[in-house]
Colleague: 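Dropping a structure here in structure tokens format, bear with me for questions.
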Amino acid sequence: MSHPIMKKQKVFETINIFDLLSEEIVFLILDCLNTNPLDKKSFSLACKSFYSLESKHRKKLRPLRQEHLPKILTRYPSITHLDLSLCPRITDNSLTTISSACNSTLRSIDLSKSGAFSGSGLLSLSLNCKNLVEIDISNAIGLKDAGAAALAEAKNLEKLWMGRCKLVTDMGVGCIAVGCKKLKVMSLKWCLGVGDLGVGLIAVKCKEIRSLDLSYLPITNKCLPSILKLQYLEDLVLEGCFGIDDDSLAALKHGCKSLKALDMSSCQNISHLGLSSLTSGTGGLQQLTLAYGSPVTLALADGLKKLSMLQSIKLDGSVVTCAGLKAMGNWCVSLKELSLSKCLGVTDEGLSSVVTKHRNLKKLDITCCRKITDVSIAQITSSCTTLSSFKMESCTLVPREAFVLIGQRCHSLEELDLTDNEIDDEGLKSISRCSKLSILKLGICLNITDLGLAHVGMSCSKLIELDLYRSMGITDTGISAIAHGCPDLEMINIAYCKDITDTSLISLSKCSKLNTFESRGCPFITSLGLAAIAVGCKQLTKLDIKKCHNINDVGMLPLAHFSQNLRQINLSYSSVTDVGLLSLASLGCLQSMTILHLKGLTPSGLAAALLACGGLTKVKLQASFKSLLPQPLFKHLEARGCVFQWRDKGFQAELDPKCWKLQVEDMVGGGY
């Protein structure tokens, strides 16, 4: 006869403690599993009840291939957001399947990189998915007016992106305008067949529009008055609209009080006269982008000074005068963001005038402002002490001593770009005081060594992105300090740091969140180090090991086994052969592959690998293979959605970094 205590013990052994949790509590647990895409899959495989709960919980889906859709949508019946941007081909049959399986739940679908569908599929989606409020069909270059008209049946649509739908005309857009009156966000960027008539219909019929992107459309002043009468319009993009001129902007004088953000980049026919209209009718404007446009003169700056709510202005690529910058310094507003990237004419005198006035700047970009010196840095760091983002790539006249000021005074920095500058270890030591740093770019900084990088590793524990491209003074010691002190690192670029060995990769393998690893041109890295990355960094999605000659097939095997999230790989100039390439077929997420100058690669091995890697959407190959592989193979792969890019460049020897830098400066120096 069994003892009572033994019976109770058996009862408890048969009870799964998770069965005692409510569905809501389990859903809260699943909400926390967002770091690694495979975590929820592991959860669902634990037991039948977990499998069922995870199926009910999942609301967002991002599949890799359309052939998996029927099975996936059966498994997950509650999908509201479907992202198909990783699927190179989505056919009308697939859209019909989706519209049937998700007819009551689907609210958002992204088809932005998924060709092959037509109006038939979109019509099925629009008619059956009554709750659909967002759709992105950008890059549907074959879609015509009939396809656009099908979207008019999606009566509850609020957000629509149609960038680069170049065959759609005013007629198709007009159908959308009549049918989708609830639209709030619309992008027609690069829809070259759409003009004043189509845009005017959107303005007249879709009264709730908040955001409208008309970049590079052949529109004129005919449609602007209707657009600017939109009562709720907050964000208007007119980038590259060459038909817009000063007379067109006169419509602004009649008011667009709701407008908060305006982008008129590359509008070559707009001068300070037209821009002065902004002050009359758009008093609430907060963000203004005038990149690659009219010169920033005294007249232009004076014309904008009445924009009392302005917080951000971007003037990238424009010619800037000292008088214009000084006038900006006299504005009554206090800017939070200023971008002068690649602006010609920025000097210490002009820049100092601006930053002295706008002390509340949070973001400042002076990339390639090659005339500024330590005078500007001293003024920036003393005036704008609460900067969170500071970009100053290629400010080559700034001496190394000036970088110490950044760390001494700007402790709130979260992003810092010092690419191609004279910073040294003392500067890095000072910058390490910026403990909030999450993005640090130190590419082509030839004066820094492990000593300076060690300070960053010790003090900047929140670092998630580090760029050391061609910073030749860095070795394993510096990388080890980063790996030890920055456990949340997600991206690192050590390309052409030629003294790096496997020791660095073994150290970095402890950074389990690493998803992007670039180590091209590191001759001492071998398959051993790559194996450590594969085993330790299972979230790896992008890998560049170009010109790592000591990486061979042995390194591909652990990648094939452990790196199941890998999507992009560059193996050019490595020692990988047919065998290693074929092993990558087990990577279900792999989509992009660059394989130039692989001496051990044969036509038959390449063909086998291309066929086996079923998810490929882009392959870069040596042009010589084009005639060595059968044409039916290319047709088959292209029908699957794969695009081939052919390269005919011969083998290139690597330059010394200082010689390389001098070559670059010779190419661009004349213009700055």
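Residue numbers start at 1 and run along the sequence shown. In this text the structure is predicted, and so the values were computed from the model without any measurement.
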Colleague: Is there a donor-acceptor contact under 3.5 Å from the side chain of S318 to the main chain of V296?
Modeller: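 The answer is no, because no donor-acceptor pair under 3.5 Å joins these two groups.
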
Colleague: Please report the shortest heavy-atom distance between I313 and M328, naming the atom on each side.
Modeller: CG2-CE, 4.1 Å

Colleague: What pairs of residues pass the side-chain hydrogen bond (donor to acceptor under 3.5 Å, both in side chains) test when at least one of them lies in residues 319-340, not counting sequence neighbours?
Modeller: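 Applying side-chain hydrogen bond (donor to acceptor under 3.5 Å, both in side chains) to every pair that reaches into residues 319-340, excluding sequence neighbours, yields S312-E337, D316-S339, K326-E349, S334-N360.
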
Colleague: Which residue pairs pass the side-chain hydrogen bond (donor to acceptor under 3.5 Å, both in side chains) test with at least one member in residues 448-464, sequence neighbours excluded?
Modeller: D425-T449, D450-T475

Colleague: Side-chain contact, heavy-atom cut-off 4.5 Å: L440 with D467?
Modeller: no

Colleague: According to salt bridge (Lys or Arg N to Asp or Glu O under 4.0 Å), does anything in residues 374-399 pair up with another residue at least two apart or in another chain? List the pairs.
Modeller: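 Non-adjacent pairs meeting salt bridge (Lys or Arg N to Asp or Glu O under 4.0 Å): K391-E415.
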
Colleague: Would you give the length of the straight line joining atom CZ of R409 to atom CZ of R433, rounded to the nearest 0.5 angstrom?
Modeller: 11.0 Å

Colleague: Is the side chain of S471 donor-acceptor paired with the backbone N or O of L442 at a distance under 3.5 Å, no angle test?
Modeller: yes

Colleague: Under 6.0 Å from the NZ atom of K429, do we count more than 12 heavy atoms belonging to anything else shown?
Modeller: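 No, NZ of K429 has 12 or fewer neighbouring heavy atoms, counting only those of other groups under 6.0 Å.
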
Colleague: Counting only N and O atoms by type, is there a donor-acceptor contact under 3.5 Å from the side chain of S382 to the main-chain atoms of Q379?
Modeller: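 Pair found, side chain donor or acceptor close to backbone of Q379.
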
Colleague: Identify the heavy atoms of L249 and I244 that sit nearest to each other, and give their distance.
Modeller: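 Result for this residue pair: CD2-CG2, 4.3 Å.
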
Colleague: Would you say L514 and I492 make side-chain contact, with heavy atoms under 4.5 Å?
Modeller: yes

Colleague: Quick one: CG on D365 to OG on S389, what's the gap to the nearest 0.5 Å?
Modeller: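 One gets 7.5 Å once the value is rounded to the nearest 0.5 Å.
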
Colleague: Calculate, to the nearest 0.5 Å, the distance between atoms OG and CG belonging to S294 and L315 respectively.
Modeller: 10.5 Å

Colleague: Only pairs at least two apart or in different chains count here, so list each side-chain hydrogen bond (donor to acceptor under 3.5 Å, both in side chains) that has a residue in residues 160-174.
Modeller: D145-T169

Colleague: How far apart are the C-alpha atoms of M162 and I176, what are their side-chain angles, what is the distance that settles it, and do they pass the side chain to side chain contact (heavy atoms under 4.5 Å, CB included) test?
Modeller: CA-CA 11 Å; M162 297 179 60; I176 293 171; 3.6 Å; yes

Colleague: Show your reasoning for whether side chain to side chain contact (heavy atoms under 4.5 Å, CB included) applies to L228 and K257.
Modeller: CA-CA 9 Å; L228 297 173; K257 303 296 183 183; over 6 Å; no

Colleague: With rounding to the nearest 0.5 angstrom, report the OG1 to NE2 distance, T297 to H272.
Modeller: 6.0 Å

Colleague: Please walk me through it: do V346 and I372 pass side chain to side chain contact (heavy atoms under 4.5 Å, CB included)?
Modeller: CA-CA 7 Å; V346 179; I372 69 163; 4.1 Å; yes

Colleague: Taking all non-hydrogen atoms of both residues into account, name the closest pair between T347 and S376 and its distance.
Modeller: O-OG, 4.3 Å

Colleague: Nearest 0.5 Å, what's the CG-NZ distance between L285 and K306?
Modeller: 15.5 Å

Colleague: What I'd like to find out is whether the side chain of L463 reaches to under 4.5 Å of the side chain of V456, using heavy atoms alone.
Modeller: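 They are in contact (side-chain heavy atoms under 4.5 Å apart), so the answer is yes.
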
Colleague: Check whether any side-chain N or O of D246 sits under 3.5 Å from a backbone N or O of G274 as a donor-acceptor pair, and report yes or no.
Modeller: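 Yes, D246 side chain to G274 backbone: donor-acceptor pair under 3.5 Å.
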
Colleague: Looking at C384 and H358, what are the two nearest heavy atoms and their distance?
Modeller: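 C384 and H358 have their closest heavy atoms at SG-O, 3.6 Å.
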
Colleague: Quick one: closest heavy-atom pair of S308 and V333, and the distance?
Modeller: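 What the structure gives for the nearest pair is O-CG1, 3.2 Å.
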
Colleague: Is any side-chain N of the basic residue among R520 and D544 closer than 4.0 Å to the acidic one's carboxylate O?
Modeller: yes

Colleague: Would you mind listing every ring-ring contact (aromatic ring centres under 6.0 Å, His included) that reaches into residues 204-250, with sequence neighbours excluded?
Modeller: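 Matches after skipping sequence neighbours: W190-Y216.
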
Colleague: Mind checking whether C322 and L325 have side chains closer than 4.5 Å, heavy atoms only?
Modeller: no

Colleague: Any side-chain heavy atom of D417 sitting closer than 4.5 Å to one from M392?
Modeller: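 No, their side chains stay 4.5 Å or more apart.
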
Colleague: Going from CG on L418 to CG on L428, what distance comes out if it is rounded to the nearest 0.5 angstrom?
Modeller: 8.0 Å

Colleague: So do L238 and L236 actually touch side chain to side chain, heavy atoms under 4.5 Å?
Modeller: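 Yes, side chains in contact.
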
Colleague: Side chains of S265 and T289: does their closest heavy-atom pair fall under 4.5 Å?
Modeller: yes

Colleague: Within the supplied structure, the quantity of interest is the number of heavy atoms (other residues, nucleotides, ligands) at a distance under 6.0 Å from Q231 CD; does it exceed 12?
Modeller: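 Counting other residues, nucleotides and ligands, CD of Q231 stays at 12 neighbours or fewer.
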
Colleague: Given 3.5 Å as the limit, does a donor-acceptor pair link the side chain of S266 with the main chain of G240, or not?
Modeller: no

Colleague: Has the side chain of S112 got a donor or acceptor atom that lies under 3.5 Å from a matching backbone atom of S85?
Modeller: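 Such a contact is absent between S112 side chain and S85 backbone.
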
Colleague: I'd like to check the side chain to side chain contact (heavy atoms under 4.5 Å, CB included) partners of C223; sequence neighbours left out, ordered by chain and number.
Modeller: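 Listed in chain order: D196, V199, I219, I227.
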
Colleague: Quick check: does any side chain N or O of S248 sit under 3.5 Å from a backbone N or O of D245, one acting as donor and the other as acceptor?
Modeller: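 Pair found, side chain donor or acceptor close to backbone of D245.
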
Colleague: Look only at the side chain of E239 and the backbone of K189, and say whether a donor-acceptor pair between them is shorter than 3.5 Å.
Modeller: no

Colleague: Any side-chain heavy atom of R567 within less than 4.5 Å of one from K542?
Modeller: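 Counting from C-beta outward, R567 and K542 never come under 4.5 Å.
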
Colleague: Begin from the C-alpha positions of L466 and I482 and carry the test side chain to side chain contact (heavy atoms under 4.5 Å, CB included) through to its verdict.
Modeller: CA-CA 9 Å; L466 177 62; I482 292 294; 3.9 Å; yes

Colleague: For T381 and A378, work out which heavy atoms get closest and say how close.
Modeller: OG1-O, 3.2 Å

Colleague: Verify the neighbour count for atom CE of M458: are there more than 12 heavy atoms of other residues, nucleotides or ligands below 6.0 Å?
Modeller: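 Count over threshold, so yes.
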
Colleague: Could you tell me whether a side-chain N or O of N421 sits under 3.5 Å from a main-chain N or O of T419, the two making a donor and an acceptor?
Modeller: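 Yes, the answer is positive, given that a donor and an acceptor are paired below the 3.5 Å cut-off.
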
